[in-house]
Amino acid sequence: VQLQASGGGLVQAGGSLRLSCAASGRTFSSYAMGWFRQAPGKEREFVAAISWGGTNTYYADSVKGRFYISRGNAKKMVYLRINSLKPEDTAVYHCAAATSLTVVAGSYHSWGQGTQVTVSS
C-alpha cells in the first residue's frame, strides 16, 4: 500500500488541524493504520493507531484527549484530528500501515512521506 499524508501547516497554539492520509492499493481495509511524528533532533514517536475496522484505537499519553484518529475504508483515508495544539506538537507527521494494531514503529511496513505541522506560541 502506498500512503500520502497531507494537511499540515503553521498554526497558532490552541488551534486545530486535520491531517489526512490517502492510501492506494486493494488491501487498505485489512491494515491497521498509525500516525507517528518526528521533531527535529528527536526520535520518531508513536501518536495514534486505529484497527482495520476502526473499532479499536490507541493513543500516546501525550496526545490523549486532544488527538483523534479515524478512517474511511471506502475512501481509503485515515485522518488525525489535532485539537488544542501546543508548540511541542511541532513535528513531521507520518502515516503508516501495519498488519495488526500496534504502537511499535518497526511493525509498520508502509510509510507515507510526512506532512509538517508547526505550532507557534
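Note that the coordinates shown come from a computational prediction; the quantities given were computed from them, not determined experimentally. Quick note: numbers below take in every heavy atom, side chains included, and nothing from hydrogens, waters or symmetry partners. All residue numbers in this chain count up from 1 along the given sequence.
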**Study point:** Partner of Val117 under side-chain contact (heavy atoms from CB on, under 4.5 Å), chosen from Thr90, Val92, Leu19, Leu80
**Key:** Leu19
Exercise for review: Evaluate the side-chain contact (heavy atoms from CB on, under 4.5 Å) criterion for residues Thr57 and Tyr68: first the C-alpha distance (whole Å), next the side-chain angles of each, then the deciding distance (0.1 Å), finally the verdict.
Suggested key: CA-CA 9 Å; Thr57 55; Tyr68 299 94; over 6 Å; no
Review point. Same cluster for Tyr58 and Met33 if Ile/Leu/Val/Met/Phe/Trp/Tyr side chains link at under 4.5 Å?
Key: no
Practice item. Say whether Leu17 and Val63 are linked into one hydrophobic cluster, either directly or through other cluster members, by side-chain heavy-atom distances under 4.5 angstrom. Key: yes
Any side-chain heavy-atom pair of [X] and [Y] under 4.5 Å:
X     : Y      : answer
Gln4  : Thr115 : no
Tyr31 : His109 : yes
Cys95 : Leu3   : yes
Arg71 : Phe28  : yes

Any cation-pi pair here, [X] with [Y], using under 6.0 Å and within 45°?
X     : Y      : answer
Arg18 : Tyr79  : yes
Arg44 : Trp111 : yes
Arg66 : Tyr59  : no

Review point. Where do Asn56 and Ile50 land on the side-chain contact (heavy atoms from CB on, under 4.5 Å) test, with the steps shown first?
Key: CA-CA 6 Å; Asn56 296 306; Ile50 188 167; over 6 Å; no
Please report the shortest heavy-atom distance between [X] and [Y], naming the atom on each side.
X      : Y      : result
Ser84  : Ser16  : N-OG, 4.2 Å
Ser30  : Thr27  : OG-O, 2.7 Å
Leu101 : Ser51  : CD1-N, 3.7 Å
Ala91  : Gln116 : O-NE2, 3.4 Å
Glu45  : Ser62  : OE2-OG, 3.7 Å
Ser107 : Ala98  : O-CB, 3.5 Å

Practice item. List the steps and the verdict of side-chain contact (heavy atoms from CB on, under 4.5 Å) for Phe46 and Thr102. Key: CA-CA 10 Å; Phe46 167 76; Thr102 178; over 6 Å; no
Exercise for review: Please check if the distance between the ring centroids of Phe67 and Trp35 is under 6.0 Å.
Suggested key: no
Exercise for review: Please check if the distance between the ring centroids of Phe36 and Tyr108 is under 6.0 Å.
Suggested key: yes
Check your understanding: Would you say Gln2 has more than 12 foreign heavy atoms packed within less than 6.0 Å of its CD?
Key -> no
Point to revise | Any donor-acceptor N/O pair, Lys76 side chain to Gly25 backbone, under 3.5 Å | key: yes
Check your understanding: Just by distance, do the side chain of Gln12 and the backbone of Val119 share a donor-acceptor pair under 3.5 Å?
Key -> no
Review point. Atom CE of Met77 and atom SG of Cys21: how far apart are they, to the nearest 0.5 Å?
Key: 7.0 Å
Review point. When rounded to the nearest 0.5 angstrom, what distance separates CZ in Arg37 from CD in Glu88?
Key: 8.0 Å
Practice item. In plain terms, say whether Lys86 and Asp89 are close enough for a salt bridge, that is, a side-chain N and a carboxylate O under 4.0 Å apart. Key: no
